[in-house]
Amino acid sequence: MNDLTPSREERIANLKGLGSSRKRVEDVRFTQGKGNYVDDIKMAGMLFGDFVRSPYAHARVVSINADAARALPGVVAVLTAADLAPLNLHWMPTLAGDKQMVLADGKVLFQGQEVAFVVATDRYIAADAIELVEVEYEELPVVVDPFAALAPDAPVLREDLNGILSGAHGPRRHHNHIFLWETGDKAATEEALGAAEVVAEEVVYYHRTHPCPLETCGCVASMDKVNGKLTVWGTFQAPHVVRTVASLLSGIEEHNIRVVSPDIGGGFGNKVGVYPGYVCAIVASIVTGKPVKWVEDRMDNLMATAFARDYWMKGRISATKEGRITALHCHVTADHGAFDACADPTKFPAGFFHICTGSYDIPVAYVGVDGVYTNKAPGGVAYRCSFRVTEAAYFIERMIEVLAIELGMDAAELRRINFIRKDQFPYQSALGWEYDSGDYHTAWDKALAAVDYKGLRAEQAQRLAEFRAGRTRKLLGIGLTHFTEIVGAGPVKNCDILGMGMFDSCEIRIHPTGSAIARLGTISQGQGHATTFAQIIASEIGLSADSITVEEGDTDTAPYGLGTYGSRSTPVAGAATALCGRKIRAKAQMIAAWLLEVHEGDLEWDVDRFQVKGAPERFKTMKDIAYAAYNQAIPGIEPGLEAVSYYDPPNMTYPFGAYIAVMEIDVDTGEHAVRQFYALDDCGTRINPMVIEGQVHGGATEGYAIAMGQEIAYDEIGNVKTGTLMDFFLPTAWETPHYTTDHTETPSPHHPIGAKGVGESPNVGSVPAFSNAVHDAFRPFGLRQSHMPHDHWRIWKIARDLGLHG
Ligand code: PCD
């Protein structure tokens with residue numbers, strides 16, 4: 001050894017492994033405009049498909065005349081339900097066990113619904129041809145309110161289901177009812193509520209919104225009739241599932257279908273489901289023998305692809321006079337739109353909503369969810385939340401605030417006395433979850449200290465006094481949240497999508513010169529997997545992350561996996577990656593033993609090498625071993641160095657966090673300013689702190705949008721009022737608040753590297769934090785609950801209704 005020999009610390013740093021804020025390798029191409037998105041794909045003879053969409057929310061389709069459109073030069077085909085019916089593709093199954101029209105079959109059920117598919121030689125001709133398709137509609141009464149939908153005399157929306165009294169999730173009690181899903185102990189909950197000293201009751205509405213990724217949904221389908229191979233490039237968050245579904249629907253054998261997710265410009269749950277555009281593009285390619293591209297425009301995306309939320313949550317929470325919570329009851333009326341196309345694991349029609357006991361030790365609870373059909377777009381996706389967790393977190397964090405009002409207590413203290421204690425983990429929740437690990441009190445105290453909570457409350461009281469004395473028109477709101485997420489679906493025994501178990505996978509292949517390629521069943525939409533999964537491998541096998549390529553999204557090469565959503569990549573594929581690295585290391589150990597002429601047991605692993613115990617100067621690095629694996633004849637060991645792992649997690653992971661928003665609110669204009677936003681996240685072992693910080697910034701900004709202005713709103717006849725980015729709030733740099741991030745680190749006890757997910761946490765935590773800040777500002781004037789989004793107009797109305805405008 002000499003001065004140039006790297007120290008152990010330097011060897012660790014060189015790996016850029018776990019805990020390193022390694023720069024995102026994918027950003028080299030993204031920041032130079034060199035990404036390869038679906039719409040970048042251009043093929044010889046490629047056609048373009050586009051939809052005729054319904055202007056009505058509910059109407060009978062009397063006739064469709066496409067003659068003029070077909071006559072337009074450049075138009076190749078116009079498909080209607082009548083063309084798809086012989087193939088039995090005019091309807092398709094949804095992820096929720098319902099079925100959905102691919103093209104309008106006799107009627108339309110929401111504005112923007114797909115009625116006909118025009119295929120032309122380019123996008124512009126397709127757009128012109130759409131205008132030439134004459135559709136005669138006969139308007140039907142529209143239902144946009146889920147409560148009205150359940151009235152005895154409400155119009156029948158789903159005539160195809162008329163008289164069918166049982167759906168995928170049990171009995172239906174009305175023609176517009178989808179299911180009632182219940183969990184918890186109803187009787188015990190009612191009993192505890194009845195006997196309670198204090199009960200707070202409230203209706204909490206989490207409005208309808210939309211993930212709105214910057215890149216809309218789209219695909220290119222190409223049927224190669226000579227070789228019998230279908231290739232589909234698309235914006236898919238779950239490419240393997242798309243391949244399996246495409247095979248089942250089309251009858252093409254799965255090995256003859258290749259699904260590729262190229263670069264994706266944001267998913268946020270919007271790209272999990274299967275849309276009519278995919279089916280139509282595939283059919284059109286099979287019919288024409290040419291590649292067919294379909295890419296939505298912004299209005300298509302906002303109007304017709306998967307919405308999120310739209311949960312009416314009626315809650316009752318009880319406590320002792322001292323504030324110990326004794327029970328929680330929740331009934332949800334869930335507006336699922338025209339088809340039940342929610343993206344949830346099959347057994348959970350309300351997703352993981354029953355995590356709604358949150359961070360609190362609540363002895364008994366009950367949840368009932370009624371799914372309802374209305375004349376709105378289908379969807380119900382996990383927009384940056386693990387299957388309805390954000391609804392659950394918003395619900396409980398609002399109920400806690402309302403209970404604090406009822407008790408006349410400080411909401412921070414109310415939370416503290418009800419937190420699940422560190423020594424209670426693994427914790428069994430009243431609604432059936434097993435929280436893996438947590439230390440809520442430490443996180444909470446750290447957060448309150450960081451923002452000087454006591455000081456803030458004093459300042460708030462001072463401000464209130466000045467307001468009352470007429471010296472200011474601005475109130476101060478302090479929005480508290482402690483959330484518990486549940487991510488990493490999931491154990492195959494209870495989590496599947498369309499019958500496919502939710503495991504995930506990683507395959508690692510080491511090259512002779514000591515670099516590697518890893519392929520996973522997941523797919524990045526911007527999260528930075530190429531950066532972070534290489535870091536997991538680097539720490540496991542001792543090759544620098546810079547020498548490891550990570551590839552996802554091509555079903556011909558990647559091992560089968562269920563994809564990326566619900567923050568499942570780190571908990572599931574990340575675990576597969578670590579274990580796959582360990583398989584490689586086990587073989588490497590045998591090779592090293594042979595090279596060093598010692599017994600395997602005489603070796604120990606150290607950062608990037610196997611060394612002889614007690615004689616660390618005798619070692620073989622992973623690079624040495626990789627070379628030997630390919631170039632030496634080693635008795636009893638087959639050449640090569642690669643492995644594959646499929647991982648079925650024993651449990652989900654439960655990340656948590658403490659978020660605090662401080663807001664100034666102008667009583668006269670309804671305007672707000674976020675003065676401070678503090679986000680403490682605990683996602684267990686942190687792979688890349690910089691990536692995590694980016695995730696928190698992004699997620700909190702989406703949460704800010706949702707809480708403060710973003711919504712998909714309908715008028716009473718089902719017109720989408722927010723179908724463009726003029727009306728649908730997407731924050732720009734101008735509106736985006738400044739964030740302070742922080743962390744504690746409580747590893748998951750069952751994950752091989754102790755990591756939990758983090759991508760969704762900031763959305764789950766920030767929505768209630770922002771909303772609670774608005775409510776908190778008006779608490780002294782008697783405000784209990786007011787529905788999001790808290791845009792300027794709605795805040796102004798709160799002030800007016802409270803009589804603050806004088
Ligand atoms: N991490 C780290 N560490 C830890 C965790 C995590 O580092 N501990 C990192 C990883 O690696 C990645 C991230 O972070 O990179 C994330 O992760 P996660 O949590 O696992 O998740 P994922 O699975 O991967 O992803 C998913 C998510 C979601 S779900 C969403 S919505 C969103 C998020 O992600 N999306 C997005 N984020 C994002 N970002 C971006 N950029 N883009 C996008 O799109 Mo869903 O369900 O779908 O709704």
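Both counts, for ligands and for their atoms, begin at 1 and track the order of listing.
Shortest contact from atom 37 (N) of ligand 1 to any protein heavy atom: Q695 OE1, 2.6 Å. For atom 44 (O) of ligand 1, the nearest protein heavy atom (residue, atom name, distance) is G267 N, 2.7 Å. Counting only heavy atoms of the protein, atom 25 (O) of ligand 1 lies nearest to Q527 NE2, 3.2 Å. Taking atom 22 (P) of ligand 1 as the reference point, the nearest protein heavy-atom neighbour is S569 OG, 3.5 Å. Given atom 42 (N) of ligand 1, the protein heavy atom at minimum distance is Q525 O, 3.4 Å. Looking from atom 43 (C) of ligand 1 to the surrounding protein, the closest heavy atom is F268 CE2, 3.1 Å. Closest protein heavy atom to atom 3 (N) of ligand 1: I687 N, 3.1 Å. Scanning the protein heavy atoms around atom 7 (O) of ligand 1, the nearest turns out to be N688 N, 3.0 Å.
Here P571 has side-chain heavy atoms under 4.0 Å from ligand 1, and that is the only part of it that gets that close. At a heavy-atom distance under 4.0 Å, atoms from both the backbone and the side chain of V758 approach ligand 1. Neither the backbone nor the side chain of F387 comes within 4.0 Å of ligand 1, counting heavy atoms alone. Heavy atoms of T685 found under 4.0 angstrom from ligand 1 belong exclusively to the backbone. Under 4.0 angstrom from ligand 1, the non-hydrogen atoms of Q237 all belong to its side chain.
Residue-ligand proximity, G269 to ligand 1, at heavy-atom distances under 4.0 Å covers atoms 45 (Mo), 47 (O), 48 (O). Which parts of ligand 1 touch A382 is read off a 4.0 Å heavy-atom cut-off, strictly below it: atoms 45 (Mo), 46 (O), 48 (O). Listed by number with element, the atoms of ligand 1 under 4.0 angstrom from any heavy atom of E760 are 28 (C), 29 (S), 45 (Mo), 46 (O). Annotation for ligand 1: atoms under 4.0 Å from non-hydrogen atoms of V691 are 9 (C), 14 (O), 15 (O). Set against the non-hydrogen atoms of T532, the atoms of ligand 1 under 4.0 Å away are 10 (C), 11 (O), 15 (O). Atoms of ligand 1 found under 4.0 Å from any heavy atom of T564 (numbered from 1 in listed order, with element): 22 (P), 23 (O), 25 (O), 26 (C). Atoms of ligand 1 found under 4.0 Å from any heavy atom of Y383 (numbered from 1 in listed order, with element): 48 (O).
Considering backbone and side-chain atoms together, A755 places no N or O closer than 3.5 Å to any N or O of ligand 1. Distances between N or O atoms of R686 and those of ligand 1 include no value under 3.5 Å. In terms of polar-atom proximity, G759 is counted as a contact of ligand 1, with an N or O under 3.5 Å from an N or O of the ligand. An N or O contact shorter than 3.5 Å links G566 to ligand 1 by distance. For a threshold of 3.5 Å applied to N or O pairs, the pair formed by H529 and ligand 1 contains at least one separation below that value. For R568, a nitrogen or oxygen atom sits less than 3.5 Å from a nitrogen or oxygen atom of ligand 1, counting backbone and side chain alike.
T216 places none of its side-chain heavy atoms less than 4.5 Å from the side chain of D297.
For the pair E26 (side chain) and A530 (backbone), a donor-acceptor distance under 3.5 Å is present. In this structure, the side chain of D681 does not engage the main chain of S761 through any donor-acceptor pair within 3.5 Å. A donor-acceptor pair is defined here as one N or O able to donate and one able to accept, closer than 3.5 Å; no such pair exists between the side chain of H751 and the backbone of G574. A donor-acceptor pair is defined here as one N or O able to donate and one able to accept, closer than 3.5 Å; no such pair exists between the side chain of E507 and the backbone of R519.
Interatomic distance, W233 CH2 to D554 CG, rounded to the nearest 0.5 Å: 9.5 Å.
Between F236 and Y278, a ring centre-to-centre spacing shorter than 6.0 Å is recorded. Annotation: F352 is in aromatic contact with W433 [ring centroid separation under 6.0 Å]. In this structure, Y440 has its ring center under 6.0 Å from that of F425. Checked against a 6.0 Å centroid threshold, the rings of F395 and Y206 do not count as neighbours. In this structure, F353 has its ring center under 6.0 Å from that of Y311.
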Listing, residues 690-697 side-chain donor-acceptor contacts under 3.5 Å, not counting sequence neighbours, or none:
from	atom 1	to	atom 2	distance (Å)
E693	OE2	T741	OG1	3.0
Q695	OE1	R384	NH2	3.0

Please set out all donor-acceptor pairs under 3.5 angstrom arising from side-chain atoms of residues 485-498, sequence neighbours excluded.
from	atom 1	to	atom 2	distance (Å)
D496	OD2	T346	OG1	2.6
D496	OD2	G499	N	2.9

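Within the structure, the closest approach of G266 to ligand 1 falls below 4.0 Å when heavy atoms are considered. Taking a 4.0 Å cut-off on heavy atoms, C385 registers as neighbouring ligand 1. Heavy atoms of G684 come nearer than 4.0 angstrom to ligand 1 in no pair at all. In this structure, P213 falls outside the shell of residues with a heavy atom less than 4.0 angstrom from ligand 1.
The nearest non-hydrogen atom to atom 31 (S) of ligand 1, considering only R384, K756, R22, comes from R384. Across V272, T570, V696, heavy-atom proximity to atom 18 (P) of ligand 1 is greatest for T570.
Between the side chains of Y383 and N763, no donor-acceptor pair is found at a separation under 3.5 Å. A side-chain donor from one of T209 and Q710 sits under 3.5 Å from a side-chain acceptor of the other. Donor-acceptor pairing under 3.5 Å is lacking for the side chains of T653 and H750.
By the 6.0 Å contact criterion, NZ on K347 is enclosed, its count of non-hydrogen atoms from other residues, nucleotides or ligands being greater than 12.
Annotation: cation-pi pair R568/Y565 present, NZ/CZ under 6.0 Å from the ring centroid and within 45° of its normal.
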